[in-house]
Amino acid sequence: MKVKQYPDFFQEYAATHEESYSYNPLEKDLLYLSIQRTMDIVLSLMGLIISLPIIVLFSILIKLETPGPVFFLQERVGLNGRYFKVIKLRSMGIDAEKNGAKWAEKNDPRVTKVGYFIRRTRIDEIPQLWNVVVGEMSLVGPRPERPMFTAEFNEKIPGFVNRLTVKPGISGWAQINGGYDISPNEKLKLDLYYIKNQSFLLDIKILIGTVKIVLTGNGAR
């Protein structure tokens with residue numbers, strides 16, 4: 001599926017659905033945004049330092065199991081439709097998308113043995129802490145989708161693009177309540193709940209919920 005690459009994805013798509021959603025990101029409390037950004041930087045830098053041995057270990061295991069790069073960079077749609085490259089430890093073979101982009105699914109056969117483990121434990125997401133440090137993502141927020149999937153979902157589910165009114169996150173309300181196997185429609189409902197109720201306490205609740213998921217392995221795909 002070839003999707004037209006708009007210079008400003010958010011404006012192009014939100015223009016036809018702006019009446020369906022009343023949230024104005026400019027109304028968000030500046031104190032909250034300042035606290036969130038400070039927390040993002042401090043916790044992400046700490047996380048990168050602490051997890052460096054884990055990243056090195058699994059980088060070696062990934063190289064031993066399959067050829068190709070250790071890190072996987074993929075274009076995603078972020079705040080206000082800005083494109084950026086999300087960073088992950090590679091969990092699939094290098095030919096995972098030789099037949100085109102495909103939505104990840106439970107027990108995906110393209111996932112390697114090491115990949116299965118790092119997905120289940122969320123270790124593959126750790127490098128995204130760098131995306132947080134540079135300001136492309138937050139620790140908490142709607143998971144960023146690929147441009148083609150965002151376009152496709154917004155055509156089928158008007159208003160899906162409204163997830164782009166806040167910075168995307170490593171984890172979110174949808175992830176701790178529905179996991180990674182929920183439908184785009186269910187994801188939208190949960191993400192809009194987060195956007196409308198965004199607060200420091202809700203972010204803490206999501207981070208605690210994320211830690212529980214990491215320890216139990218629930219909700220991975």
Side-chain angles (χ1 to χ4, degrees), residues 1 3-18 20-21 23-30 32-45 47-48 71-89 97 101 103-104 122 124-155 157-176 180 182 184 187-199 202-203 206-207 210:
M1 175 182 176
V3 178
K4 183 179 178 181
Q5 297 295 302
Y6 297 104
D8 191 325
F9 186 98
F10 177 76
Q11 289 185 5
E12 182 72 29
Y13 278 86
T16 59
H17 303 292
E18 58 184 2
S20 66
Y21 193 61
Y23 174 73
N24 182 355
L26 296 179
E27 296 175 355
K28 181 60 64 179
D29 182 50
L30 292 178
Y32 162 72
L33 291 176
S34 297
I35 293 175
Q36 183 190 51
R37 181 59 184 151
T38 300
M39 183 173 68
D40 280 347
I41 295 175
V42 173
L43 294 182
S44 294
L45 288 175
L48 284 171
F71 295 104
F72 179 65
L73 279 72
Q74 190 176 72
E75 191 170 59
R76 299 292 177 97
V77 185
L79 178 64
N80 294 334
R82 298 187 185 93
Y83 290 4
F84 70 97
K85 298 285 187 179
V86 72
I87 309 170
K88 288 188 174 187
L89 283 172
E97 294 193 337
W103 182 252
R122 299 297 200 281
D124 65 321
E125 310 280 3
I126 293 178
Q128 289 173 50
L129 290 172
W130 181 250
N131 290 115
V132 176
V133 171
V134 299
E136 296 167 333
M137 295 178 66
S138 177
L139 289 173
V140 176
R143 285 294 300 168
E145 297 293 350
R146 298 173 67 174
M148 64 180 301
F149 289 135
T150 305
E152 178 183 340
F153 295 152
N154 195 65
E155 291 295 328
I157 312 169
F160 191 83
V161 73
N162 290 320
R163 300 169 70 254
L164 305 179
T165 57
V166 298
K167 192 176 292 186
I170 292 181
S171 185
W173 188 245
Q175 279 63 54
I176 68 170
Y180 284 90
I182 59 175
K187 177 183 289 188
L188 175 61
K189 292 178 180 178
L190 290 168
D191 284 335
L192 291 185
Y193 172 85
Y194 169 73
I195 293 172
K196 292 179 180 179
N197 296 279
Q198 203 172 13
S199 69
L202 182 57
D203 286 352
I206 292 173
L207 289 175
T210 302

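Bear in mind that the values here come from a model prediction, so they are computed numbers and not experimental data.
Looking at Glu145 and Arg76, no side-chain N of the basic residue comes within less than 4.0 Å of a carboxylate O on the acidic one, giving no salt bridge.
The two residues Pro147 and Tyr83 make their nearest non-hydrogen contact at CB-OH, 3.8 Å. Scanning all heavy atoms of the two residues, the minimum distance from Tyr194 to Gly141 falls at CE2-CA, 3.9 Å.
Residues Phe72 and Leu89 are not in side-chain contact: their nearest non-hydrogen atoms beyond the backbone lie 4.5 Å or more apart. Counting heavy atoms from C-beta on, the side chains of Lys85 and Glu75 come closer than 4.5 Å. Between Val86 and Met137 the shortest side-chain heavy-atom distance falls below 4.5 Å. Contact of the Phe84 side chain with the Val134 side chain is not registered, since no non-hydrogen atoms from C-beta on lie closer than 4.5 Å. Considering only heavy atoms from C-beta on, Lys88 stays 4.5 Å or farther from Gln74 through its side chain. Between Gln175 and Thr210 the shortest side-chain heavy-atom distance does not fall below 4.5 Å. Between Thr165 and Ile195, some side-chain heavy-atom pair lies under the 4.5 Å cut-off. The shortest distance between side-chain heavy atoms of Leu139 and Asp203 does not fall below 4.5 Å.
Going from atom CG of Leu164 over to atom CG of Leu79 covers 8.0 Å, rounded to the nearest 0.5 Å. Once rounded to the nearest 0.5 Å, the distance linking CG of Leu33 with OG1 of Thr38 reads 10.5 Å. Summarising the geometry, atom CD belonging to Glu152 is positioned 11.5 Å from atom CZ belonging to Arg146; distances are rounded to the nearest 0.5 Å. Atom-to-atom distance recorded for Asp40:CG and Ile35:CD1 is 12.0 Å, nearest 0.5 angstrom. For the atom pair Gln198 CD and Trp173 CH2, the distance stands at 13.0 Å (nearest 0.5 Å). Interatomic distance, Ile206 CD1 to Ile170 CD1, rounded to the nearest 0.5 Å: 13.0 Å.
Not one N or O on the side chain of Lys187 forms a donor-acceptor pair closer than 3.5 Å with the backbone of Ile182. Here the side chain of Asn154 pairs a donor or acceptor atom with the backbone of Val161 at under 3.5 angstrom. The backbone N or O of Ile87 sits less than 3.5 Å from a side-chain atom of Asn131, completing a donor-acceptor pair. For Arg143 (side chain) and Ser171 (main-chain N/O), no donor-acceptor pair under 3.5 Å exists by modelled atom type.
Pro168 pairs in a side-chain contact (heavy atoms from CB on, under 4.5 Å) with only one of the listed residues (Pro142, Ser138, Pro144), which is Pro144.
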Quiz item: For Leu188 and Phe153, what are the C-alpha separation, side-chain angles and deciding distance, and is it a side chain to side chain contact (heavy atoms under 4.5 Å, CB included)?
Solution: CA-CA 10 Å; Leu188 175 61; Phe153 295 152; over 6 Å; no

